[in-house]
Amino acid sequence: MDLDEIRALVREVPDFPEPGIVFKDITPVLADENAFSTIIDLIVVHFGRGNVDKVVGIEARGFILAAPVAYHFGAGVVPVRKKGKLPWSTVEESYALEYGEATLELHEDAVRPGERVLVVDDVLATGGTARAAASLVERIGGKVCGIACLIELEFLKGRERLTDYDLFTLIRY
Ligand code: AMP
């Protein structure tokens, strides 16, 4: 399955979750057995087995991609969640979203010092979410070896905020 076929599965939902936002709904990609395995494989191939110790998934759609990527690497999987959801001691980062504001948290012992961490999410928009997740990992001693997002909204220039990282995206708008 090629990337144009996968791109055709992304559903655009205008005015969700609020007026003016065109929401990129990846659920049809996840539900397609060929598309799902292809996107996971492409992320794994880009970063390479043996190069990643932990995969961080960003709530909530990032979790769905992070777990199979981690499995293929033989790596652990770690959640970054919205404030108030994680039960243990956390570090937190607040940032501006394409729509609204948010605070993300990471368990302070989720990554060991020096571990190589890949951050995974569904959509890169302004880059604030990925940047906050990467900062959280670095604050607890992890080394961010890359960021992978299924979709990149290039017109929001998130990539310009993430020039320190190997940013891998599969479908661009
Ligand atoms: P940002 O921090 O601006 O890069 O926003 C990225 C986060 O918001 C990701 O976790 C996405 O799931 C979500 N997001 C932002 N814009 C969209 C969009 N147009 N469609 C789907 N998800 C989006």
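Ligands are counted one by one from 1 in listed order, and the atoms in each one are counted from 1 as well. For the single chain, residues carry numbers from 1 onward in sequence order.
Remark: ligand 1 atoms within the under-4.0 Å shell around heavy atoms of G127 are 1 (P), 3 (O), 4 (O). Listed by number with element, the atoms of ligand 1 under 4.0 angstrom from any heavy atom of K24 are 18 (C), 20 (N), 21 (C). Atoms of ligand 1 lying under 4.0 Å from at least one heavy atom of D122, given by number and element, are 9 (C), 10 (O), 11 (C), 12 (O).
At a 3.5 angstrom cut-off on N or O pairs, A96 does not count as close to ligand 1. The shortest N or O to N or O distance between R61 and ligand 1 is under 3.5 Å. Checking only distances, E59 never comes within under 3.5 Å of ligand 1, N or O to N or O. Considering backbone and side-chain N/O of I58, none are found under 3.5 Å from N/O of ligand 1.
Classified by interplanar angle (parallel below 30°, tilted 30° to 60°, perpendicular above 60°), the ring pair F168/H46 is parallel.
The proximity of V22 to ligand 1, defined as any non-hydrogen pair under 4.0 Å, is limited to the backbone. Contacts between T126 and ligand 1 below 4.0 angstrom, taking non-hydrogen atoms only, involve backbone and side chain alike. At a 4.0 Å heavy-atom cut-off, ligand 1 touches D121 through the side chain alone.
For the residue pair L65 and V69, the shortest heavy atom distance occurs at O-CG2, 3.2 Å.
Rounding to the nearest 0.5 Å gives a distance of 10.0 Å between CZ of F73 and CZ of R116.
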Side-chain atoms of residues 28-35: list all donor-acceptor pairs with protein atoms under 3.5 Å, sequence neighbours left out, distances to 0.1 Å.
from, atom 1, to, atom 2, distance (Å)
D32, OD1, N34, N, 3.0
D32, OD1, A35, N, 2.8

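For residues 68-82, the side-chain hydrogen bond (donor to acceptor under 3.5 Å, both in side chains) pairs, not counting sequence neighbours, are E59-R81.
Contact annotation: the side chain of V120 never approaches that of V56 to less than 4.5 Å [non-hydrogen atoms, C-beta and beyond].
Using a 4.0 angstrom heavy-atom cutoff, G158 does not count as in contact with ligand 1. A heavy-atom separation below 4.0 Å is found between L153 and ligand 1.
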message: What verdict does the salt bridge (Lys or Arg N to Asp or Glu O under 4.0 Å) test give for E93 and R139, after you've listed the backbone C-alpha separation in whole Å, the side-chain angles of each residue and the deciding distance to 0.1 Å?
response: CA-CA 10 Å; E93 286 271 337; R139 279 171 54 194; 2.9 Å; yes
field: Stepwise side chain to side chain contact (heavy atoms under 4.5 Å, CB included) check, I151 with I26
entry: CA-CA 9 Å; I151 292 171; I26 67 160; 3.7 Å; yes
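Taking a cutoff of 4.0 Å between a charged side-chain nitrogen and a carboxylate oxygen, R159 and E152 qualify as a salt bridge.
Between A132, A125, A133, G128, it is A125 that holds the heavy atom closest to atom 5 (O) of ligand 1.
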